[in-house]
Amino acid sequence: MRGVITTSGGVDLWPHYSEIFAKDAPELTVMRREDITDPAQVDFVFTFIPPADVFEGMRGLKAIFSAGAGTDAIMACPSRPESVPVYRVEDADQALQMAGFAAFHVLWHHRDMGRYVAQQAQGKWSRTVTGLSPSYRRVGVLGFGHMGRAIAKGLMGLGYAVAGYSRRAPDPAEPGVQHFHGDGLDDFLAQTDILINVLPLTSTTRGMIDAGFLQKLPQGAALVQIGRGGQVVEDELMAVLDSGHLSGASLDVFETEPLPQEHPLWAHPKVLITPHVASIPERRFVVQSIRERLSSL
């Protein structure tokens, strides 16, 4: 099969992936877009934030592959053929990365690690000696797909009670997880002390996490945002933090990336910021997943 590796949001994916394709998937011929003489002969495209006209003339296209877990930029591309399936990366390694990242931030908020970091700067020794058991914090995973399941399993392994929310009941259900779906969102939020968002960005989830949404969480709850930028209304999040209703937030994705230096989130005392690093695809696993998917088409 013949494929195209594109630039992605100004980043050229070719030097990162062409050698891996040649080594691990030699039966696939991959090219830069500018080297294509007949777009109709292209079978698949590998991209993340595609140029607006990238799919023009690709009448034989069989699949589009995202270089990351999100597909919103691909779905919004004006030249994308609507009948061609779009596949996100779903490899076990990325799920493990995401689960470990989520577990770190659950522990950060549960064990009040931000306070200890601040105390270190002051040379202050003051301990919290109660409420340390995982039984004191109920964790909710918002979005229960491939990543959500891995996160839930990891946290249950640490002893946390975990609930999950999805549009439809998961099939199969995850043993040990309390499942909510459909119109059960408010009930799910009401019992969640630490909320981990891993939803995809859609017209429904854009701006979903606003002040009204966050105020449905219990007093003192925390947010771990590792879904997609654009889901959290950032100024409303800061207002809910300032009101004291939320105890803290870990934010890995933002409406504008990189987050502008002048953005007030940088200096907010209750916010921990990371630069979109919850999971970084390992190239060999990405190529392996593409190869497996193409073999089934």
Side-chain angles (χ1 to χ4, degrees), residues 8-11 48-49 67-70 72-73 76 94 97-124 126 128 137 139-143 147 151 189 192-201 205-281:
S8 179
V11 176
F48 188 60
I49 305 176
D72 42 286
Q94 266 206 96
Q97 289 185 47
M98 190 76 83
F101 191 88
F104 170 90
H105 287 279
V106 166
L107 289 166
W108 176 273
H109 292 291
H110 172 200
R111 301 295 294 268
D112 202 11
M113 299 306 294
R115 181 166 70 89
Y116 294 126
V117 171
Q119 285 180 186
Q120 179 179 344
Q122 302 167 13
K124 181 180 179 181
S126 176
T128 297
R137 293 293 183 276
V139 181
V141 181
L142 183 61
M147 296 295 187
I151 290 168
L189 294 175
T192 295
D193 298 310
I194 301 176
L195 176 67
I196 304 169
N197 175 43
V198 287
L199 286 171
L201 183 63
T205 64
R206 179 172 289 280
M208 174 182 180
I209 304 176
D210 58 10
F213 181 98
L214 294 168
Q215 287 163 354
K216 293 176 181 177
L217 295 166
Q219 178 73 29
L223 170 68
V224 179
Q225 163 62 340
I226 52 179
R228 301 293 293 166
Q231 294 169 329
V232 171
V233 182
E234 293 167 356
D235 58 344
E236 295 188 22
L237 167 63
M238 288 187 287
V240 177
L241 287 165
D242 291 340
S243 75
H245 186 76
L246 289 187
S247 61
S250 295
L251 307 176
D252 186 56
V253 292
F254 303 88
E255 177 73 40
T256 301
E257 296 184 2
L259 187 66
Q261 288 189 339
E262 66 276 10
H263 200 293
L265 279 171
W266 282 113
H268 200 288
K270 292 184 178 181
V271 173
L272 178 59
I273 289 174
T274 49
H276 205 145
V277 292
S279 68
I280 304 294

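- Among residues two or more places apart in sequence or in another chain, the side-chain hydrogen bond (donor to acceptor under 3.5 Å, both in side chains) test is passed with Q97 by D93.
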Could you go through the side chain to side chain contact (heavy atoms under 4.5 Å, CB included) check for H268 and D242 one step at a time? CA-CA 9 Å; H268 200 288; D242 291 340; 2.8 Å; yes

Would you be so kind as to tabulate the donor-acceptor pairs closer than 3.5 Å made by side chains of residues 209-220, with sequence neighbours excluded?
unit_1, atom_1, unit_2, atom_2, d
D210, OD1, G212, N, 3.3
D210, OD1, F213, N, 2.9
K216, NZ, D186, OD1, 3.1
Q219, OE1, H245, ND1, 3.2
Q219, NE2, G244, O, 2.8

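- Proximity of L251 to L272: side-chain heavy atoms (C-beta onward) are nowhere separated by under 4.5 Å.
- The nearest pair of heavy atoms linking F101 to T274 is CZ-OG1, 3.4 Å.
- Looking at D252, its side chain does come within 3.5 Å of a backbone N or O of V277 through a donor-acceptor pair.
- By the 4.5 Å heavy-atom criterion applied to side chains, L265 and I273 are counted as neighbours.
- Distance CD1/I49 to CG/D72: 8.5 Å, rounded to 0.5 Å.
- S247 is not listed as a side-chain neighbour of K270, based on a closest heavy-atom distance of 4.5 Å or more.
- In the model, D193 has no side-chain atom that pairs as donor or acceptor with a side-chain atom of H110 under 3.5 Å.
- Using a 4.0 Å cut-off between a side-chain N of Lys or Arg and a carboxylate O of Asp or Glu, R206 and E255 qualify as a salt bridge.
- Put simply, the side chain of L195 does not reach to within 4.5 Å of the side chain of V224, judged on heavy atoms.
- The nearest pair of heavy atoms linking S126 to Q119 is O-NE2, 3.1 Å.
- Put simply, the side chain of Q231 gets close to the backbone of R228: a donor and an acceptor are under 3.5 Å apart.
- The closest side-chain heavy-atom distance from I151 to I226 is below 4.5 Å.
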Pair I196-L142, side chain to side chain contact (heavy atoms under 4.5 Å, CB included): steps then yes or no: CA-CA 6 Å; I196 304 169; L142 183 61; over 6 Å; no

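- From L241, atom CG reaches atom CG of L246 across 5.0 Å, with rounding to the nearest 0.5 Å.
- Inter-residue side-chain proximity for H109 and R137 is flagged as unmet; no heavy-atom pair is nearer than 4.5 Å.
- Counting only heavy atoms from C-beta outward, the side chains of T128 and R111 never approach each other to under 4.5 Å.
- Side-chain atoms of W108 never come within 3.5 Å of backbone atoms of S250 as a donor-acceptor pair (strictly under, hydrogens ignored).
- Between the E236 side chain and the V233 main chain, no donor and acceptor come within less than 3.5 Å of each other.
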